[in-house]
Amino acid sequence: MHRARQHAETRTRERRRRLAHEAARLMAEGGIRDYHQAKLKAAARLGIHDDASLPRNREIEEALREYQRIFLGESQAQALRQRREAAARALEFLSRFEPRLVGPVLDGTAAATSPVQLHAYSDDAEAVARFLDEHGIPAESRTRRLRLDRERSLDVPVWLFSAEELAFDVAVLPLQALRQAPLSAMDEKPMRRASLPQLRQLLAEDEIAGYEGSLAGGRAQA
């Protein structure tokens with residue numbers, strides 16, 4: 001009985017691992033950004049339908065980072081750097097709205113298909129739309145539901161536009177939401193956010209890490 005249970009647990013762990021890596025591949029190659037969608041599509045592809053085998057979002061994120069490191073390498077690093085630099089310029093451009101960078105560009109999992117996701121803050125839901133229009137930036141409207149906390153959710157306007165050949169995704173939240181980030185869909189913890197000074201610090205750290213990496217590579221070749 002004990003051995004049978006151990007065997008079943010081992011098989012479930014292996015299925016979770018396979019699903020996590022397949023979901024990560026779908027996100028990296030297919031442009032899927034939603035973890036839940038990726039895991040369900042991976043389960044359908046692999047023919048695994050028991051709920052116990054579905055990986056947690058954090059497991060998929062770890063598999064995604066591993067996939068990007070192994071298969072994308074420098075190209076992913078360049079795509080991430082390009083988007084972080086563009087995000088810094090966007091945060092400066094939208095400074096009157098106390099903007100913050102969120103999502104894959106901030107957490108480091110952004111790829112060539114990832115938009116730059118920002119949160120802007122205003123009690124006037126149309127203020128960002130007017131601002132973009134005043135600067136001749138055509139934007140498409142969407143609505144997104146964000147969880148403010150365990151009990152409250154809010155439908156917020158989202159503006160999609162292109163700049164510098166990149167996609168931008170700007171959600172407009174009320175000013176009160178500056179005090180605490182909405183909950184992440186990944187782990188239901190407050191979403192990570194970065195202001196312009198914080199992003200500039202991150203870019204500086206990236207540059208130092210890249211420089212140190214090139215030195216280490218040069219020493220290894222020598």
Side-chain angles (χ1 to χ4, degrees), residues 13-46 48 53-91 100-119 160 162-169 171 181 184-194 198-221:
R13 283 196 300 271
E14 176 59 23
R15 285 178 173 175
R16 287 170 70 96
R17 188 194 66 79
R18 288 175 58 206
L19 279 173
H21 283 270
E22 177 63 13
R25 187 189 67 78
L26 291 171
M27 294 184 77
E29 296 180 0
I32 298 175
R33 300 203 299 270
D34 182 86
Y35 284 88
H36 184 68
Q37 181 187 354
K39 78 174 73 174
L40 293 182
K41 191 167 184 177
R45 287 198 173 200
L46 296 179
I48 299 173
S53 296
L54 292 178
R56 296 182 183 276
N57 292 342
R58 187 64 68 187
E59 294 175 79
I60 299 174
E61 184 192 39
E62 291 171 359
L64 178 58
R65 291 182 188 277
E66 181 181 0
Y67 183 97
Q68 290 174 332
R69 177 179 57 81
I70 294 172
F71 295 104
L72 302 179
E74 186 59 31
S75 65
Q76 193 268 339
Q78 290 175 353
L80 180 61
R81 177 80 184 186
Q82 178 191 21
R83 282 159 177 74
R84 284 178 171 175
E85 289 175 344
R89 291 187 286 273
L91 291 177
R100 301 290 189 271
L101 175 64
V102 298
V105 174
L106 178 58
D107 69 33
T109 59
T113 57
S114 300
V116 177
Q117 291 186 298
L118 306 175
H119 285 177
L160 310 178
S162 296
E164 302 182 26
E165 299 183 352
L166 296 174
F168 286 79
D169 174 315
S184 168
M186 179 186 298
D187 54 15
E188 296 190 344
K189 294 180 180 179
M191 193 179 294
R192 184 184 173 195
R193 305 182 291 186
Q198 290 168 331
L199 178 55
R200 284 175 172 160
Q201 177 64 31
L202 182 59
L203 283 166
E205 291 170 359
D206 286 347
E207 189 170 350
I208 292 169
Y211 177 70
E212 290 176 345
S214 65
L215 286 179
R219 284 195 296 269
Q221 290 179 2

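Both backbone and side-chain heavy atoms feed into the values below; hydrogens, waters and symmetry mates do not.
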*Quick one: list whatever passes side chain to side chain donor-acceptor pair (under 3.5 Å) with R17, sequence neighbours left out.*
E14

*Residue that, paired with Q117, satisfies side chain to side chain contact (heavy atoms under 4.5 Å, CB included) out of L101, V105, L106, D169*: D169

*Go through the structure and list residues passing side chain to side chain donor-acceptor pair (under 3.5 Å) with E164, not counting sequence neighbours.*
R89

*Do M186 and M191 have side-chain heavy atoms sitting under 4.5 Å apart?*
no

*Evaluate the side-chain proximity of T109 to Q68: yes if any heavy-atom separation is below 4.5 Å, no if none is.*
yes

*asked:* For R100 and L118: C-alpha separation, side-chain torsions, deciding distance, then whether side-chain contact (heavy atoms from CB on, under 4.5 Å) applies.
replied: CA-CA 6 Å; R100 301 290 189 271; L118 306 175; over 6 Å; no

*Mind checking what makes side chain to side chain donor-acceptor pair (under 3.5 Å) contact with D187, not counting sequence neighbours?*
R58

*To the nearest 0.5 angstrom, please state how far the CD atom of E22 sits from the CG atom of L19.*
8.5 Å

*asked:* Does anything in residues 35-45 form a side-chain hydrogen bond (donor to acceptor under 3.5 Å, both in side chains)? List the pairs, not counting sequence neighbours.
replied: K39-N57

*When you check the side-chain N and O atoms of Q78 and Q82, is any donor under 3.5 Å from an acceptor?*
no

*Determine, stepwise, if the pair M27 / T113 fulfils side-chain contact (heavy atoms from CB on, under 4.5 Å).*
CA-CA 10 Å; M27 294 184 77; T113 57; over 6 Å; no

*Using the test side chain to side chain donor-acceptor pair (under 3.5 Å), find all partners of E85 that sit at least two apart in sequence or belong to another chain.*
R81

*Taking the side chain as every heavy atom from C-beta outward, state whether L199 and L91 have any atom pair closer than 4.5 Å.*
yes

*Check P104 against L80 and note the closest heavy-atom contact, atom names and distance.*
O-CD1, 4.2 Å

*asked:* I'd like to check the ring-ring contact (aromatic ring centres under 6.0 Å, His included) partners of F168; sequence neighbours left out, ordered by chain and number.
replied: F161

*Starting at OH of Y67, measure out to CD of E29 and round the result to the nearest 0.5 Å.*
3.0 Å

*Determine whether Q198 and L202 make a side-chain contact, defined as any pair of heavy atoms from C-beta on separated by less than 4.5 Å.*
no

*Is a side-chain N or O of R83 found less than 3.5 angstrom from the main chain of V116, in a donor-acceptor match?*
no

*Mind listing the closest non-hydrogen atom pair of E59 and R56 along with its distance?*
OE2-N, 2.8 Å

*CG on L26 to NE2 on H21, rounded to 0.5 Å*: 13.0 Å

*How far does OG of S53 sit from CZ of R13, to the nearest 0.5 angstrom?*
11.5 Å

_Minimum heavy-atom distance A23-A42, with the two atoms named_ = N-CB, 3.6 Å

*asked:* For A63 versus A20, what's the shortest heavy-atom pair and its separation?
replied: CB-O, 3.6 Å

*Counting N and O atoms only, with roles assigned by atom type, does the side chain of Q76 sit under 3.5 Å from a partner on the main chain of G108, one being a donor and the other an acceptor?*
yes

